[in-house]
Amino acid sequence: QQQVKQSPQSLIVQKGGISIINCAYENTAFDYFPWYQQFPGKGPALLIAIRPDVSEKKEGRFTISFNKSAKQFSLHIMDSQPGDSATYFCAASIGETSGSRLTFGEGTQLTVNP
Amino acid sequence: NAGVTQTPKFQVLKTGQSMTLQCAQDMNHEYMSWYRQDPGMGLRLIHYSVGAGITDQGEVPNGYNVSRSTTEDFPLRLLSAAPSQTSVYFCASSYLMGPTEKLFFGSGTQLSVL
């Protein structure tokens with residue numbers, strides 16, 4: 001049972017465009033929602049994260065939008081660059097004592113064309 | 001600062017063989033975990049540990065064993081390899097509690113079971 005569902009599976013964007021990746025979760029106990037970025041041949045690395053007490057978090061060109069009532073959150077990449085081409089994973093976990101027992105989405109392969 | 005080190009990077013096994021995937025971290029993290037990554041399925045938690053001598057099962061533990069004798073090391077053992085265990089395996093670690101639950105990933109082990 002996939003508790004965090006991610007879409008789309010793949011995404012192609014032109015340089016300078018906006019990339020949008022969506023995730024939906026089922027467990028209302030989730031209270032930490034990170035996004036991880038993975039380049040080919042590398043392990044995932046934390047990109048940005050949000051807790052449900054805020055509806056939006058922005059770090060540079062990356063923004064997480066969070067809709068608690070809809071149980072959805074999304075990653076927006078503004079002014080997308082070829083260097084952003086990677087696989088992106090959303091994730092969710094419960095409580096600060098969860099020990100990082102994250103549940104990951106299926107992943108989105110983003111390609112930014114020059 | 002090495003971070004999370006996984007060995008080997010690549011491995012080919014025959015069905016029924018056993019092997020151990022090694023993982024070591026030098027950040028004094030209490031929490032360590034193993035994930036497998038399969039196309040279209042994201043990262044799935046196999047086993048995790050919240051400290052030396054303490055391990056627990058994740059989402060897909062069957063066919064794998066772990067132990068945690070030291071804070072630094074968390075090996076993953078395949079008892080009798082099966083083709084279904086062909087995957088990319090990632091070890092990850094983090095502090096158990098803190099302001100964020102940032103997981104640090106190794107660079108992965110690509111395993112093929114023939």
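Sequence lines set the chain letters: A, B, ... in the order given, protein chains first and strands last, and positions in each chain run from 1.
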Mind checking salt bridge (Lys or Arg N to Asp or Glu O under 4.0 Å) for Asp38(B) and listing every partner two or more places apart, or none if nothing turns up? Arg36(B), Arg44(B)

Is any residue of residues 37-44 of chain A within less than 4.5 Å of chain B by heavy atoms, and which ones? Gln38(A), Gly41(A), Lys42(A), Gly43(A), Pro44(A)

Return a table of donor-acceptor pairs under 3.5 angstrom between the side chains of residues 7-18 of chain B and protein atoms on other chains or two or more places apart.
| from | atom 1 | to | atom 2 | distance (Å) |
| --- | --- | --- | --- | --- |
| Lys9(B) | NZ | Ser107(B) | OG | 3.0 |
| Thr15(B) | OG1 | Leu114(B) | O | 2.6 |
| Gln17(B) | OE1 | Lys14(B) | N | 2.7 |

Distance from Leu45(B) atom CG to Leu102(A) atom CG, nearest 0.5 Å? 9.0 Å

Specify whether Tyr88(A) and Phe62(A) have parallel, tilted or perpendicular ring planes, treating 30° as the upper limit for parallel and 60° as the lower limit for perpendicular. tilted

Structural part of Gln6(B) lying under 4.5 Å from a heavy atom of chain A: neither

Restricting to pairs with a member in residues 61-72 of chain A, which pass salt bridge (charged side-chain N to carboxylate O under 4.0 Å, His left out), not counting sequence neighbours? Arg61(A)-Asp84(A)

Between His47(B) and Tyr64(B), does the ring centre distance come in under 6.0 Å? no

